[in-house]
Amino acid sequence: MIRWELIKIFKQKSLYFAGIFMFGWLTLVSLTNVWDNDVTRDVYREWQGPITQEKIERADKLRAELENQHSENGYDDKTSALAGVSNDITLAHTIQLQNQQLAADYTQLSKQAEQKGDQLEKNRMDLAKDMYSNVKVDKISYYAAPREAIDFVNVFGLILTGLFLIIGLSGIYSNEHATGVENYILSTKNGRQVTMKAKLIASFIFTIIVVVVWEAYNLLMKTALYGTDGWDLPIQFAYKYQASPFSLTFFEYHLIQLGLHLLAALAFAGVIVVISTLAKSSVLSFFLSGLLYGVPIVAQSIMSVDIRWVDRLLTFTLTNIMKVEALYMNFITVNISNYPILLPYVGVVVCMVTLVIAVFLSMSLIKRKQIA
Amino acid sequence: MKLTLENVTKTFGDKRAVDGVSTELTNGVYGFLGANGSGKTTLMRMLATVSTPTSGRITLNGNDIFQLGDSYRDLLGYLPQHIGYYKHFTVEKFLFYIASLKGMDKHGAKQRITELLDRVNLTEKTKVKIGKLSGGMKQRVGIAQALLNDPKILIVDEPTAGLDPKERIRFRNLLSEIAQDRIVLLSTHIVSDIEYIAKEILIMKNGRLIEKNTPQKLMEGIQQQVWKVQVNDREVASYQSSYKVGNMVRGSNGVELRIISERKPAGDADHTPVNLEDLYLYYFDKEAGA
Ligand SMILES: Nc1ncnc2c1ncn2[C@@H]1O[C@H](COP(=O)(O)OP(=O)(O)O)[C@@H](O)[C@H]1O
Ligand SMILES: [Mg+2]
């Protein structure tokens, strides 16, 4: 039965139109927006390795020199690469110092909290201290590939997964209704529970395929354009994660990113199956799934700064978890009695719970389902 | 096997599509006769478990069919009034899909599909996409899918719609052949579909089951109300406006009309043997009569 459901999903032509269009467009965008070139890489390679005191001083000197030549007509590749690497080294050093300072501050705050008898706050501050003191931004190399690969997930990965899941899965049940095949599904032995189980599993397989396909594209493109340097650098080198308390290399983070993205995508697939089972038409199902997916994005871009609790709430939407970055950029916890829980764990729980509810709902809906 | 309907009712808003139907069905062919909108499809959908009664109960040998669930569905063959299909699936692929819905293994399905395609005369269309078939051919695919699992309870909703007369006869023969040892429910508004094969005819009107009997008994019941009258061409219209007029046969000395009427329509009117057309006219055209 799973095979049949997969056949039905992959027989949808719109999937291929969307695929050709999206990947064509992406390739165009990434080929016209290449950030660096071989010169840059070679310069970074000269500086590659642990960030020593000597390198920090050299970098400072270099930056001073470059600032002096400032007004001349633009930088050539080599000069911008030198500016880049020296900036990165100084930045790494700054982050390193900041994190040491943060760790010291949090130790202080932890003591204060203990005196006040605020156990939760003490636990939070201890956790923050531990995390920030573990972050080591102490080596440098060329890192355009991981930087771009990671950024792909929260922009294009998010769009691609959302788009393909909605196109591929929103009709998974509503199409049966539209074609009238529902009549057989509801009146046969393996039509209800067995078919719904097959639909769920096929949806999950489809979701995995979607993520694997764009990730393969992502890695191929990034490796072809930027090589393989830098995956072992800490994520703090990427602008968005400078303040992150997580001690992760780009490689580790990318794996986690994909894992979380996939988990959230699976939960979203489950939700689409439920919507498709309830919706009276495929258009409605498509529209509702799109709405569920798009509202957090739109809402966040409109009022992220304005309304704090809405922002918080949006943090836990599947869309946002699929985007992953917001869970890793700062030290944020959700507190259960005295225990601070880091956002990524909360994200995992949200996905799992959603997934379980979606599976349970679709299985019980199909038990009672009748033709409208 | 015994299917029992106890006060089965289905409402859509204020509309009582099926209204308190109670009856018992055992092995044999049952013909549901009724005008459009009389509730045949709604009733059959409930029997096929694709729709649940608003109230009342349907039991098989004493067990509620919705409680039996998939073990009841295992016995079922259902041809909905509007056959559903994927237009990009070939006939064969579609039937394989339905076979797996019915839990048949691949080998058994293959044999059965070949056999049934032959029975419904579609062997040449095995590899043709269903979307490309004519209405009658699609209907025959529908008949084949209903029979795939050799159902003990066969529910076919207007199975002959879109079939040409030759195919209709074929279908009738097919049905009467398989009708032993199983319950066959067939709805139609074409009387000849069930004339010779129905064990009993169930007449539906406005959601109610108003008659259930053997064709013989039903026809005997209206024996006194079927007349044959010789009229001339000019009189036909006037008879049609004041009586239910069935078949007309043009002869050498005018037109012979079949008339359903409580009263003798004319001095020279004679009784004539009742057929199912008369029955249909009697039940479904009451408004037209005097
Ligand atoms: N899903 C529905 N919603 C509202 N009314 C319905 C629905 N299905 C059937 N009906 C109404 O119920 C009545 C019986 O319809 P149906 O069972 O299709 O009759 P038949 O098959 O004898 O033509 C009709 O008046 C029809 O309009
Ligand atoms: Mg009908």
Side-chain angles (χ1 to χ4, degrees), chain A residues 1-17 167-202 276-278 280-282 362-372, chain B residues 10 12 41-42 44-54 65-89 93-106 129-131 138 141-142 145-146 148-149 151 153-157:
Chain A
M1 295 304 293
I2 298 168
R3 199 179 66 92
W4 285 111
E5 295 304 331
L6 283 171
I7 290 174
K8 288 190 239 170
I9 293 173
F10 281 101
K11 277 246 175 178
Q12 300 174 99
K13 290 205 183 70
S14 45
L15 224 52
Y16 301 97
F17 290 130
I167 294 177
L169 301 179
S170 64
I172 195 156
Y173 191 89
S174 52
N175 282 348
E176 313 286 14
H177 179 70
T179 54
V181 174
E182 189 181 24
N183 278 297
Y184 315 118
I185 289 179
L186 298 184
S187 64
T188 47
K189 183 170 75 167
N190 287 348
R192 288 177 184 248
Q193 268 99 326
V194 177
T195 291
M196 188 49 89
K197 206 164 121 195
K199 282 185 187 298
L200 285 164
I201 295 172
S276 189
T277 310
L278 288 172
K280 291 263 185 283
S281 79
S282 299
S362 39
M363 290 306 285
S364 64
L365 279 173
I366 198 67
K367 231 181 193 165
R368 269 163 261 265
K369 184 85 186 162
Q370 52 173 329
I371 281 182
Chain B
K10 180 80 182 184
F12 298 104
T41 294
T42 308
M44 292 186 126
R45 281 180 167 179
M46 290 189 279
L47 287 163
T49 74
V50 302
S51 167
T52 46
T54 311
I65 60 169
F66 292 93
Q67 230 107 70
L68 290 172
D70 291 343
S71 65
Y72 171 74
R73 293 184 188 106
D74 198 19
L75 307 172
L76 210 58
Y78 175 47
L79 172 67
Q81 179 166 4
H82 302 286
I83 146 166
Y85 58 91
Y86 304 121
K87 49 179 184 296
H88 53 254
F89 271 34
K93 193 167 172 188
F94 176 73
L95 291 175
F96 267 118
Y97 174 60
I98 302 293
S100 53
L101 281 181
K102 295 188 175 196
M104 300 170 71
D105 67 67
K106 201 161 178 195
K129 290 192 174 167
I130 305 187
K138 282 178 191 154
V141 175
Q145 69 74 27
L148 271 175
N149 57 331
I153 301 168
L154 178 64
I155 300 171
V156 284
D157 197 354

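Computed from a predicted structure; not experimentally measured.
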Can you tell which part of [X] gets under 4.5 Å to a heavy atom of chain A, answering side chain, backbone, both or neither?
| X | value |
| --- | --- |
| Phe89(B) | side chain |
| Leu75(B) | neither |
| His88(B) | both |
| Tyr85(B) | backbone |

Which bit of [X] comes within less than 4.5 Å of chain B, counting heavy atoms only: side chain, backbone, both or neither?
| X | value |
| --- | --- |
| Ile7(A) | side chain |
| Thr179(A) | both |
| Arg192(A) | side chain |

Short side-chain donor-acceptor distance under 3.5 Å, Lys369(A) and Thr277(A): no
Donor-acceptor pair, side chain of Ser276(A) and main chain of Ser170(A), under 3.5 angstrom: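 Pair found, side chain donor or acceptor close to backbone of Ser170(A).
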Any donor-acceptor N/O pair, Gln12(A) side chain to Gly168(A) backbone, under 3.5 Å: yes
Test: Lys93(B) cationic atom under 6.0 Å from Phe96(B) six-membered ring centre, within 45° of axis: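 Because its charged atom misses either the 6.0 Å distance or the 45° angle limit, Lys93(B) does not stack over Phe96(B).
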Residue of the set Asp74(B), Leu101(B), Thr49(B) for which side chain to side chain contact (heavy atoms under 4.5 Å, CB included) holds with Thr188(A):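 Only one option passes, and that is Leu101(B).
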For Tyr184(A), ring-ring contact (aromatic ring centres under 6.0 Å, His included) partners two or more places apart: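 Partners of Tyr184(A) under the ring-ring contact (aromatic ring centres under 6.0 Å, His included) test: Phe94(B).
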Under-4.0 Å salt bridge between Lys199(A) and Glu176(A):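 Salt bridge flag = yes for Glu176(A) with Lys199(A).
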For chain B, the option from Asn175(A), Val194(A), Leu186(A) that forms the most heavy-atom pairs under 4.5 Å: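 Among Asn175(A), Val194(A), Leu186(A), the one with the most close pairs to chain B is Leu186(A).
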Pairs of heavy atoms under 4.5 Å with chain A: top-ranked of Pro80(B), Gly69(B), Gly77(B), Ser71(B):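 The option with the most such pairs is Pro80(B).
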